[in-house]
J.: 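Just passing along the structure, written as structure tokens.
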2 protein chains.
Amino acid sequence: MPELLSQAEENYLKAIYKVSRRDGTPVSNNAISVEMQTSAASVTDMINRLSQKGLLNYQKRRGVSLTEEGYATATHLVRKHRLWETFLVDKLQFSWDEVHELAEQLEHIQSRELVNRLDEYLGFPRYDPHGDPIPDAEGLMAERQQVALSQLPVGQLAVVVGVKDHTTPFLQYLERTGLLLGVQLRVSERLDYDNSLQLVLDQGTTLLVSQKVGQNLFVQLK
Amino acid sequence: MPELLSQAEENYLKAIYKVSRRDGTPVSNNAISVEMQTSAASVTDMINRLSQKGLLNYQKRRGVSLTEEGYATATHLVRKHRLWETFLVDKLQFSWDEVHELAEQLEHIQSRELVNRLDEYLGFPRYDPHGDPIPDAEGLMAERQQVALSQLPVGQLAVVVGVKDHTTPFLQYLERTGLLLGVQLRVSERLDYDNSLQLVLDQGTTLLVSQKVGQNLFVQLK
DNA sequence: TAATAAATTTAGGCTAGTCTAAATAAAAAC
DNA sequence: GTTTTTATTTAGACTAGCCTAAATTTATTA
């Protein structure tokens, strides 16, 4: 069943997986071409090939969705990506803002056995260094009920569990301000002027963050 | 200086490195096409591209050799290959006959930093699981004076340090007979009939091996 | 040394994956 | 309900890597 895919094909599957998680159902050619940074013509081309291979449901001009097999393949790619990121951070001491590009390469290595042994070696982690859940060998992953920090009611105690924005500048901002995974906090005040948030962290330190930061940090209620 | 190479280009460089180590100097198109299992026409094609990029010295119909830069690139690929093999065996508990194909994939991952951290994580190993020397970050590797077991004088004490044949069947043969790296032995007798060798191992156990085995095992005199 | 064999290069063609420009269909706006 | 805008597909072209078949050069051998 698991056909051998090129890296390009795998990258398209991941992109489709990613945008369909956001929106829900059929994905437009346009959304894919934006995500992939490639022309609409190339997307049409690849869509044809992938639906030919049974990985996508596709009707001309009606958008695409992942088939069962396409979904499983994409999930496995996500599993590999997140396990490699965990490896790089936990074992090789990379910082969480350096590992994405590397994992983009490593996720294309073909070997179920390798992935499973890596998983075991890392102690079957359920979340990667950015707080994203890692699918297990069957493709199942933990679902956490989390909300954006910006949605958190004033006074409510919560803990930082993930990021929405995975870019280096944002991760480095968090590093510098100490707003890392596992940190407990409360919003002490929401400033109407620019929707910035006044936070009280663990040890009582306070921090003022912009709306943008609030929208890109996930927290879990305590 | 380090241009970005495709996997195909890297594979050709490795092949040329490999066959020129055997013979010495300029490598024929033919030798490369045999090593790469590809047509002579494809080889000519790729030779042109690689010499264009300054990685090969090439004169029509006179064979190719690696330039300084080509040699450094090939050595770095070998470094990556052997470090990944070491990782797979030492950390992920793969056996030495399972790791080659995986390392063939992993050696194409692009990141000096990753390679160096992996090296450090593994404790700067000087030899890989097959006994082959691992180039350091500067491309230097240990040279060992070793001989094929078949060359060993009768009675001379020696220790197994490497294999010439890296194929799974041979490695599994060694696994099954206990002729592993680090084992001490002596040739007690050379049988003229078929050039097979009677060995005495560490703990006094004896073993009869064929000429073929003798030619594919490297030992170091004690 | 002339003839034959072997190695190498050239010529031409194929696929995957990309692109731009043009054609067509669908959606939005008037 | 036309018209205009936007999205999508088609057409045609390009590069990297591969191939086979033919041409050419070099090596071998009679």
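Lettering follows sequence order; numbering is per chain, from 1.
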J.: If you only use heavy atoms from C-beta on, which nucleotide in D:dT8, C:dC19, C:dG17 is closest to the side chain of A:A8?
T.: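 Per side-chain heavy atoms of A:A8, the pick is C:dG17.
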J.: What residues in residues 45-65 of chain A put a non-hydrogen atom under 4.0 Å from any atom of DNA chain D?
T.: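 Within this stretch, A:Y58, A:K60, A:R61 sit under 4.0 Å of the strand.
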J.: Closer than 4.0 Å, any side-chain N/O of A:T38 to the OP1 or OP2 of C:dC19?
T.: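 Affirmative; the distance criterion is met.
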J.: Considering just the side-chain nitrogens and oxygens of B:T44, establish if one lies under 4.0 Å of OP1 or OP2 belonging to C:dT8.
T.: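 So the side chain of B:T44 is outside the cut-off, no N or O lying under 4.0 Å from OP1 or OP2 of C:dT8.
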J.: Does a side-chain N or O from A:S42 land closer than 4.0 Å to OP1 or OP2 of C:dG17, or not?
T.: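 Indeed not, no polar side-chain atom of A:S42 lies that close.
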J.: Tell me the interatomic distance from A:I32, atom CD1, to D:dA7, atom P, rounded to whole angstroms.
T.: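 Whole-Å distance recorded here is 14 Å.
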J.: Round to the nearest Å and state the distance from B:N29 atom CG to D:dC18 atom C1'.
T.: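 Going from B:N29 (CG) to D:dC18 (C1'), I get 14 Å.
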J.: Under 3.5 Å, is there a donor-acceptor pair between the B:N29 and B:T44 side chains?
T.: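 Distance-only check passes for B:N29 and B:T44.
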J.: Heavy atoms under 4.0 Å, any strand shown: does A:A41 hit a base, just sugar-phosphate, or nothing?
T.: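 Base, at least one base heavy atom under 4.0 Å.
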J.: My understanding is that only one of A:E35, A:E104, A:E9 makes a salt bridge (charged side-chain N to carboxylate O under 4.0 Å, His left out) with A:K14; could you say which?
T.: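 Only one option passes, and that is A:E104.
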J.: Does NZ belonging to A:K212 count more than 12 external heavy atoms closer than 6.0 Å?
T.: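 Not more than 12 within 6.0 Å, no.
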J.: How long is the gap from OG on A:S6 to CZ on A:R49, to the nearest 0.5 Å?
T.: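 Separation between the atoms: 7.0 Å.
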J.: Specify whether B:F87 and B:W84 have parallel, tilted or perpendicular ring planes, treating 30° as the upper limit for parallel and 60° as the lower limit for perpendicular.
T.: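 Rings of B:F87 and B:W84: perpendicular, as their planes differ by over 60°.
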J.: Is it true that, when you exclude A:R144 itself, more than 12 heavy atoms of the residues, nucleotides or ligands shown sit nearer than 6.0 Å to its CZ?
T.: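 Counting neighbours around CZ of A:R144, more than 12 heavy atoms of other residues, nucleotides or ligands fall under 6.0 Å, so yes.
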J.: Any side-chain N or O of A:Y12 under 4.0 Å from OP1/OP2 of C:dT18?
T.: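 Yes, because at least one side-chain N or O of A:Y12 sits under 4.0 Å from OP1 or OP2 of C:dT18.
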J.: I want to verify a distance call: between C:dG17, C:dT18, C:dA21, whose nearest atom is closest to the A:S6 side chain?
T.: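 Between C:dG17, C:dT18, C:dA21, the one nearest the side chain of A:S6 would be C:dG17.
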J.: What is the distance, rounded to the nearest whole Å, between atom CD of A:Q7 and atom P of C:dG17?
T.: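 My rounded result for the distance is 10 Å.
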J.: Rounded to the nearest 0.5 Å, how far apart are CD1 of B:I32 and NZ of B:K18?
T.: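 One finds 13.5 Å between CD1 of B:I32 and NZ of B:K18.
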J.: Expressed as a whole number of angstroms, how long is the span from B:M36:CE to D:dC19:C1'?
T.: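 So the two atoms are 14 Å apart, to the nearest Å.
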J.: Side chain of B:N30, heavy atoms from C-beta onward: which of D:dT20, C:dA7, C:dG17 has the nearest atom to it?
T.: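 Per side-chain heavy atoms of B:N30, the pick is C:dA7.
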